[in-house]
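One structure is given below, encoded as structure tokens.
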Amino acid sequence: MTTSDPMLTSLDDLVFDNKFVDTLPGDPELENYCRQVEHACYSFVEPTSTDKPTLVACSNDVAALLQLAPSICQSDYFTKVFSGNALLPGMKPFAMCYGGHQFGNWAGQLGDGRAINLGEVVTSDNQRWYLQLKGAGLTPYSRHADGLAVLRSSLREFLCSEAMHYLGVPTTRALSLTLTGDTVVRDMFYDGHPEAELGAVVCRVAPSFTRFGNFQLPVSRDDMALLKKLVDYTIVTDFPHLGPPSAETTLAWFSEVCDRTLEMIVHWMRVGFVHGVMNTDNMSILGLTIDYGPYGWLESYDPTWTPNTTDESHRRYRYEHQPQVAHWNLLQLANTILPIVENTEALEAILNNFAKGFQQQHQTMQLSKLGLVTNQEGDSALVSDLLTILTTVETDMTLFYRYLALVDLTDLQNKTYQHRLADAYYQVEQLSDEYDTTLLAWLERYARRCEVEGIEHMQRTERMNQVNPLYVLRNYLSQLAIDKANDGDYSGVEELLSVLKQPYTEQDGKEHLTQKRPEWARNRAGCSMLSCSS
Ligand code: AMP
Ligand code: MG
């Protein structure tokens, strides 16, 4: 949007162009009950009205994307619409039909069980944004569940989508977080102790919510006609630069999906994000981070960590495994579109490029975290040796890189680096002479490498601070904001939303949001591990 574009002053002025439902085949059944939906990409369904909706928070920046003046977000009408209690003129609410592989197994039809798309907004500068409520009630895809969401998980999704955006990670966005006024019963630990929690709705915003699973489901049912319609629709609508749909364009499209997915994963690795549920129904066709559930942030650098309690024993979705899982998910997508492309070798070649591309981009990213932009012999070992060092004692990944940026590499023998890095360690008693010898040897190599690069201290600090965030949505910080919000105090959400907008810049008075996980949070639910209950 240019600054000359006027902001809308009424929600009713939003312009909807519901291309997805107007173009693709829909479910003829309009009644809302759980069922298998065949030969259709969606079902019409309206949000369920709730008792007494209230606004918890909204993102003015996302409102601005929709060209909404900030004052609109404070109106009762806004709260009503984005909690599912009123529809705007032009909205045609629907739930999408898709399937997916969950934890590596084909799960059949899943679909938007608690997401309802309100419609597609088209702005004056021709940007297309789906508005989607999560937690607004039952849909034909709710299966055995209730279509609802609770405050803790909704708050985590709201904050994380925005935080990821400001970190520079491709993601769906979040416009608003509302309380429904109803309670929702959840057995958070699946241990037979259900409790009533506050019901909440997040309004998510993205150019498309289509997932790999949208394409997989028709193929699993041998419905190639539907597959072709959806692929062609996606190419024309979301990838128009590829040209008119054909076998060749479909191949180019797959290649771009691979590139975008790769870029997203490299960013996750850079900032220490672990998605937690990388099922194929949670993989966006646009390479956006989507469906924030039991995600988490690496605090101590442990590549085998996953936040998801459901995945504790196999750890399929652990931090270090995310690139391989993305590759596996893309392989499923390749198999899905094979009947259109009819060229196994070409698809395989693209998948092989993904693996190679990841090695390269991951290496470039890791070097950038060290302030290095050129490629030199021995860099690969420099990076991997540091990552090994980070695992030998419990080290906070985020703080380590910020402190490393401050280490004086010309003064290593005086051991001033020890003081600089001290606060990045969780357990000082783990620091041994042996550790120090290894670290010092690595720092000496790093110092020599920086000489080859020809960068001075200040320049290195500056470069590193642009890629290594200081503020990330640490799991315990979310939990503190949740605890307050459950008591009706939204100041924690507001503070995090505001500070996380500038994650690379030190902000006065916000030191408490940079602190590594306190001991009390080590094993507390919500602070270290999360269940899927949401
Ligand atoms: P997820 O792993 O959270 O992406 O969810 C997997 C599937 O379960 C999706 O089809 C969701 O729509 C559905 N689902 C999750 N929670 C609920 C719920 N409370 N009510 C209805 N469907 C749900
Ligand atoms: Mg999902």
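Along the sequence shown, residues carry numbers from 1. Atoms within each ligand, like the ligands themselves, are counted from 1 in listed order.
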When the aromatic ring centroids of Tyr317 and Phe103 are compared, is their separation below 6.0 Å?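 Yes, the ring of Tyr317 comes within the 6.0 Å limit of the ring of Phe103, centre to centre.
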Closest heavy-atom pair, Ser142 versus Gly147, reported as atoms and distance to 0.1 Å, is OG-CA, 4.2 Å
- Query: Would one find an N or O of Asp112, backbone or side chain, under 3.5 Å from an N or O of ligand 1?
  - Reply: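 No, Asp112 has no N/O under 3.5 Å of an N/O on ligand 1.
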- [ ] State whether Asn282 contributes an N/O/S atom found under 2.8 Å from the Mg ion (ligand 2).
- [x]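 Of the N, O and S atoms in Asn282, at least one lies under 2.8 Å from the Mg ion (ligand 2), which means yes.
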Notebook entry, point to check: Would you say Asp291 reaches the Mg ion (ligand 2) with an N/O/S atom under 2.8 Å?
Noted result: yes
Go through ligand 1 atom by atom and flag the ones less than 4.0 Å from a non-hydrogen atom of [X].
| X | result |
| --- | --- |
| Asp291 | 4 (O) |
| Gln102 | 6 (C) |
| Leu148 | 19 (N) |
| Asp146 | 18 (C), 19 (N), 20 (N) |

With a 3.5 Å cut-off and no angle check, do the side chains of [X] and [Y] form a donor-acceptor pair?
| X | Y | value |
| --- | --- | --- |
| Thr280 | Gln332 | no |
| Gln109 | Arg221 | yes |
| Thr289 | Trp268 | yes |
| Asp302 | Ser300 | no |
| Gln479 | Asp483 | yes |
| His39 | Asp223 | yes |

Nearest heavy atom to atom 13 (C) of ligand 1, choosing from His144, Arg143, Arg186, Arg211, belongs to Arg143
Min over Gly113, Cys532, Ser142 of heavy-atom distance to atom 12 (O) of ligand 1 lands on Gly113
Check your understanding: Touching ligand 1 at all, Gly293? Heavy atoms, strictly under 4.0 Å?
Key -> no
- Check if Met96 has a non-hydrogen atom at a distance under 4.0 Å from any atom of ligand 1. no
Quick look: Lys134 vs ligand 1, heavy-atom contacts under 4.0 Å, and the answer is neither
Nearest protein heavy atom to [atom], by residue and atom, and its distance?
| atom | answer |
| --- | --- |
| atom 18 (C) of ligand 1 | Ala145 CB, 3.4 Å |
| atom 2 (O) of ligand 1 | Asn282 ND2, 3.7 Å |
| atom 20 (N) of ligand 1 | Gly147 N, 2.7 Å |
| atom 9 (C) of ligand 1 | Gly111 O, 3.6 Å |
| atom 3 (O) of ligand 1 | Arg114 NH2, 4.5 Å |

For atom 16 (N) of ligand 1, is some protein heavy-atom partner under 4.0 Å away? yes
Inset, instruction - Please indicate, with yes or no, if any protein heavy atom is found under 4.0 Å from atom 5 (O) of ligand 1? - result: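 There is no protein heavy atom less than 4.0 Å from atom 5 (O) of ligand 1.
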**Prompt:** Going by the angle between their ring planes, with limits at 30° and 60°, are Tyr42 and Phe44 parallel, tilted or perpendicular?
**Reply:** perpendicular
- request: Flag the pair Tyr141 / Cys97 as yes when at least one side-chain heavy-atom distance between them is below 4.5 Å, and no otherwise.
  value: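 They are in side-chain contact.
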**Request:** Answer whether the closest heavy-atom distance between the side chains of Tyr233 and Thr210 falls below 4.5 Å.
**Result:** no
*Identified side-chain contact (heavy atoms from CB on, under 4.5 Å) counterpart of Pro170 within the set Leu288, Thr261, Leu286*: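 That would be Leu288; it is the only one of Leu288, Thr261, Leu286 passing the side-chain contact (heavy atoms from CB on, under 4.5 Å) with Pro170.
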